[in-house]
S.K.: 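Dumping the structure here so I can ask a few things about it.
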Amino acid sequence: GHIPNTTSPMSRTQTVLQLLRKEVATTAFHNSDQHIDPPKCHPNTRLAVLQKAMDWIQNSEDRDTWIMWLNGAAGAGKSAIARSIAEMCERAKLALATFFFFRTDPTRNTAKSLVATLAYQLAISIPLARDIIVEALDRDPLLFGRSFKSQLKTLIIEPLRQIRQQADSSPNFTSPFIIIIDGLDECNGRDVQTNIIHAISDVLRDKTVRSSRSPWRSIQGR
């Protein structure tokens, strides 16, 4: 049921956000203070790849793809590219959520905290999304015990869908929301990796999510 209504609206919101924060893996942020000298592209390297990614992110024309997949052998520099793209998005003041898996870090080598970590970043990036996320968690405080797909739909897709509705009615509301998931192959369990991919793919088959102005871009690397 709902969180008991014994507090003011502001403190109630803080209570729900605290519930969200407990599930977040802060070490999975691209700019986490736990990363010492994280891999990034050296200046003037991989310029073509980085420019292609940013063009894809910022392109507001009709598109057929909503996921950019970075694939390559271990050590090829995919994480460096993903982190550099994240920093470029920050400099461009684009709303952004990131999750960097890492095999030997127990806080970010499972999918358990993936949606919560992305949702937290969505909530602090877009006030409208925060209100929707708070309402969803207020309705279902045990949401993080549900399936990955259920969490994804409730805390990421539904807020973005409602934001898209605002975009359709406001010509000035065109900035995309970028999700970067790096190192998916470092998530424990091949079946879990497959489930993440299938869940995101299933969501993107929904035409109500896709739009030339939809606030959704996802970059994934493995």
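Just so we're clear, the structure is a prediction, and the values are computed from it rather than from any experiment. Below, all heavy atoms of this structure are taken into account, side chains as well, without hydrogens, waters or symmetry copies.
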S.K.: For the residue pair Y120 and L20, what are the closest heavy atoms and their distance?
M.R.: CA-CD2, 3.8 Å
S.K.: Thinking salt bridges, do D185 and R190 make one under a 4.0 Å N-O criterion?
M.R.: no
S.K.: Counting neighbours of NZ on K149 that are heavy atoms of other residues, nucleotides or ligands and sit closer than 6.0 Å, is the number greater than 12?
M.R.: yes
S.K.: Could you check whether T26 and S32, counting side-chain N and O atoms only, form a donor-acceptor pair closer than 3.5 Å?
M.R.: no
S.K.: Taking the side chain as every heavy atom from C-beta outward, state whether T154 and D140 have any pair of such atoms under 4.5 Å apart.
M.R.: no
S.K.: How many angstroms lie between CZ in F148 and NE2 in H198, if you round to the nearest 0.5 Å?
M.R.: 12.5 Å
S.K.: Once you round to the nearest 0.5 Å, how far does CG of L114 lie from CD of Q151?
M.R.: 9.0 Å
S.K.: Can you find a pair of side-chain heavy atoms, one from I156 and one from I133, that are under 4.5 Å apart?
M.R.: no
S.K.: Could you tell me the separation between the CG atom of L19 and the CG atom of L137, rounded to the nearest 0.5 Å?
M.R.: 5.5 Å
S.K.: Write down the atom of E90, the atom of L96, and the distance for their closest heavy-atom approach.
M.R.: CG-CD2, 4.0 Å
S.K.: Would you say F101 has more than 12 foreign heavy atoms packed within less than 6.0 Å of its CZ?
M.R.: yes
S.K.: Hey, is the main chain of A25 close enough, under 3.5 Å, to the side chain of T117 for a donor-acceptor pair?
M.R.: yes
S.K.: Can any side-chain N or O of T98 pair as donor or acceptor with the backbone N or O of H30 at less than 3.5 Å?
M.R.: yes
S.K.: Before you tell me yes or no, could you show the steps for L70 and I81 under side chain to side chain contact (heavy atoms under 4.5 Å, CB included), namely the whole-Å CA-CA distance, both residues' side-chain angles and the distance that decides it to 0.1 Å?
M.R.: CA-CA 9 Å; L70 300 180; I81 292 171; 3.9 Å; yes
S.K.: If I compare all heavy atoms of C187 with all of A111, which pair ends up nearest, and what's the gap?
M.R.: SG-N, 3.8 Å
S.K.: Supply the atom-to-atom distance L184 CG to I197 CD1, rounded to the nearest 0.5 angstrom.
M.R.: 5.0 Å
S.K.: Under 4.5 Å between any side-chain heavy atoms of I163 and L160, yes or no?
M.R.: yes
S.K.: Would you indicate whether the side-chain heavy atoms of I85 and I57 approach each other to under 4.5 Å?
M.R.: yes
S.K.: For E158 and Q162, which I'm curious about, is there any donor-acceptor pair between the side chains at under 3.5 Å?
M.R.: yes
S.K.: Using a 6.0 Å distance limit plus a 45 degree cone around the ring axis, check whether R83 lies over the aromatic ring of F100.
M.R.: yes
S.K.: Specify the closest pair of heavy atoms between I126 and F177, including all atoms of both residues, with the distance to one decimal.
M.R.: CD1-CD1, 4.1 Å
S.K.: Any carboxylate oxygen within less than 4.0 angstrom of a Lys/Arg side-chain nitrogen, looking at K52 and D55?
M.R.: no
S.K.: Would you name the heavy atoms of Q58 and A92 that are closest together and state the gap between them?
M.R.: NE2-CB, 4.2 Å
S.K.: Does E23 reach the main-chain N or O of F144 with its side chain, forming a donor-acceptor pair under 3.5 Å?
M.R.: no
S.K.: To the nearest 0.5 angstrom, please state how far the CG atom of N195 sits from the CD atom of Q193.
M.R.: 11.0 Å
S.K.: Under 4.0 Å between a Lys/Arg side-chain N and an Asp/Glu carboxylate O for R108 and E186?
M.R.: no
S.K.: Are F102 and V115 linked, directly or through other ILVMFWY residues, by side chains that come within less than 4.5 angstrom of each other?
M.R.: no
S.K.: Could you please spell out the steps behind the side chain to side chain contact (heavy atoms under 4.5 Å, CB included) verdict for L143 and S150?
M.R.: CA-CA 8 Å; L143 181 60; S150 179; 4.3 Å; yes
S.K.: Side chains of I180 and F99, heavy atoms from C-beta outward: is any pair under 4.5 Å?
M.R.: no
S.K.: Report yes if some heavy atom in the side chain of F29 is under 4.5 Å from a heavy atom in the side chain of V24; otherwise report no.
M.R.: yes
S.K.: Do M54 and C89 make a side-chain contact, defined as non-hydrogen atoms from C-beta onward lying under 4.5 Å apart?
M.R.: yes
S.K.: Just by distance, with hydrogens left out, do S79 and D182 show a side-chain donor and acceptor under 3.5 Å apart?
M.R.: yes
S.K.: Run L50 and M88 through side chain to side chain contact (heavy atoms under 4.5 Å, CB included) and show every step you take.
M.R.: CA-CA 9 Å; L50 294 174; M88 292 171 73; 4.0 Å; yes
S.K.: CG/N188 to OG1/T110 distance, rounded to the nearest 0.5 angstrom?
M.R.: 7.0 Å
S.K.: Just wondering, do I181 and I200 contact through their side chains at under 4.5 Å, heavy atoms?
M.R.: yes
S.K.: For the pair R21 and L17, evaluate side chain to side chain contact (heavy atoms under 4.5 Å, CB included) and give the outcome as yes or no after the intermediate values.
M.R.: CA-CA 6 Å; R21 283 194 291 267; L17 288 176; 3.8 Å; yes
